[in-house]
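Notes follow once the structure below has been shown.
Being a predicted model, the structure only gives us computed values, none of them experimental. Chain identifiers are assigned alphabetically (A, B, ...) following the order of the sequence lines, protein sequences preceding nucleic acid strands; residue numbering begins at 1 within each chain.
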Amino acid sequence: EADIYQTPRYLVIGTGKKITLECSQTMGHDKMYWYQQDPGMELHLIHYSYGVNSTEKGDLSSESTVSRIRTEHFPLTLESARPSHTSQYLCATASGVNEKLFFGSGTQLSVL
Amino acid sequence: SQQGEEDPQALSIQEGENATMNCSYKTSINNLQWYRQNSGRGLVHLILIRSNEREKHSGRLRVTLDTSKKSSSLLITASRAADTASYFCATDFRASGSRLTFGEGTQLTVNP
């Protein structure tokens with residue numbers, strides 16, 4: 001069954017650590033997105049990709065980086081985590097422009 | 001802000017009642033979408049309504065779009081306790097390069 005996988009589901013780390021949040025999809029979609037969401041708040045787009053070797057920054061400034069070497073994989077990396085990075089990170093895909101998004105279950109990140 | 005704004009922020013009703021949530025936005029759109037999010041999870045797409053459509057139905061859901069007022073409403077009829085979740089509208093602004101922007105959501109609680 002086609003799906004979107006995010007790992008880890010929960011992550012608690014110390015300040016200054018480098019982390020990578022994984023997002024993989026078997027949907028075959030070209031478009032992938034990373035959103036950041038604080039509890040009870042709106043989603044903010046931080047990165048997106050429209051295909052392999054294509055990445056763009058979103059609407060919210062983020063200290064994270066992304067890569068898109070394969071269609072199915074869109075990892076997000078924080079080089080040096082800080083408490084201000086504590087949030088939920090949601091990965092999503094879309095089959096085309098102006099179409100609906102499919103979301104993963106999210107990664108809840110806590111930086112101590 | 002060009003984001004959609006939901007109203008009310010929170011809504012509490014009894015099972016069997018109808019729930020109505022509203023979304024307003026500021027600039028021209030290609031489409032407007034509604035999503036549902038259970039606590040701590042990813043979002044699930046409910047309905048997409050395009051700018052040239054006025055009303056769409058899906059099961060117990062009814063969405064309307066009034067482009068002259070730049071507003072949309074989501075009606076859930078005969079609500080159930082399982083409908084308890086946050087509901088977000090997402091707009092695809094014509095100037096956004098087809099990136100969805102989300103509102104802050106309406107927290108719906110359906111009491112048994």
Side-chain angles (χ1 to χ4, degrees), chain A residues 2-11 21 23-25 27 29-51 54-60 86-110, chain B residues 1-11 23-25 27-53 56 58 61 63 85-109:
Chain A
D3 212 338
I4 302 169
Y5 305 94
Q6 284 190 248
T7 58
R9 182 76 180 88
Y10 300 96
L11 180 61
L21 308 184
C23 177
S24 296
Q25 52 117 346
M27 315 280 284
H29 289 168
D30 286 328
K31 294 173 174 51
M32 297 189 73
Y33 306 82
W34 276 104
Y35 286 88
Q36 183 176 344
Q37 183 187 31
D38 292 326
M41 301 298 287
E42 65 213 281
L43 282 73
H44 293 285
L45 180 65
I46 51 175
H47 296 283
Y48 63 99
S49 168
Y50 285 169
S54 158
T55 62
E56 301 287 345
K57 289 187 179 296
D59 304 317
L60 180 67
T86 294
S87 189
Q88 178 167 231
Y89 292 83
L90 294 165
C91 179
T93 72
S95 61
V97 174
N98 300 336
E99 296 302 325
K100 66 181 182 181
L101 297 182
F102 296 85
F103 281 85
S105 295
T107 293
Q108 181 60 53
L109 172 65
S110 296
Chain B
S1 166
Q2 293 183 328
Q3 297 165 338
E5 296 181 358
E6 285 93 340
D7 168 55
Q9 286 189 317
L11 179 62
C23 172
S24 60
Y25 57 91
T27 62
S28 296
I29 59 171
N30 293 313
N31 65 61
L32 185 145
Q33 304 181 34
W34 285 92
Y35 288 81
R36 167 197 167 120
Q37 183 181 35
N38 286 77
S39 180
R41 309 296 294 184
L43 280 72
V44 175
H45 180 267
L46 297 175
I47 288 185
L48 181 154
I49 187 165
R50 302 193 187 280
S51 59
N52 61 351
E53 297 175 312
K56 287 191 83 170
S58 177
L61 305 180
V63 168
S86 292
Y87 292 82
F88 293 86
C89 70
T91 43
D92 178 6
F93 294 103
R94 290 178 183 168
S96 72
S98 297
R99 304 197 305 270
L100 286 182
T101 53
F102 287 80
E104 295 182 357
T106 293
Q107 173 60 51
L108 173 66
T109 302

Can you check whether B:Leu32's main-chain N or O pairs, donor with acceptor, with B:Thr91's side chain at less than 3.5 Å?
->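 Judged by distance alone, no pair lies under 3.5 Å.
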Counting distance only, does the side-chain N/O of A:Arg9 pair as donor-acceptor with the main-chain N or O of A:Ser105 below 3.5 Å?
-> yes
Segment of B:Gln37 engaging chain A (4.5 angstrom heavy-atom cut-off) |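 Interface part for B:Gln37: side chain.
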Could you tell me which portion of A:Leu45 (side chain, backbone, both or neither) has an atom closer than 4.5 angstrom to a non-hydrogen atom of chain B?
->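 Contact with chain B is through the side chain of A:Leu45 alone.
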Could you look at A:Tyr35 and say if it's the side chain, the backbone, both or neither that has a heavy atom under 4.5 Å from chain B?
->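 A:Tyr35 touches chain B through side-chain heavy atoms alone.
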With sequence neighbours excluded, tell me which residues meet side chain to side chain donor-acceptor pair (under 3.5 Å) with A:Gln88.
-> A:Gln37
With sequence neighbours excluded, residues passing side chain to side chain donor-acceptor pair (under 3.5 Å) with A:Asp38 |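 Only A:Ser87 meet the side chain to side chain donor-acceptor pair (under 3.5 Å) criterion with A:Asp38.
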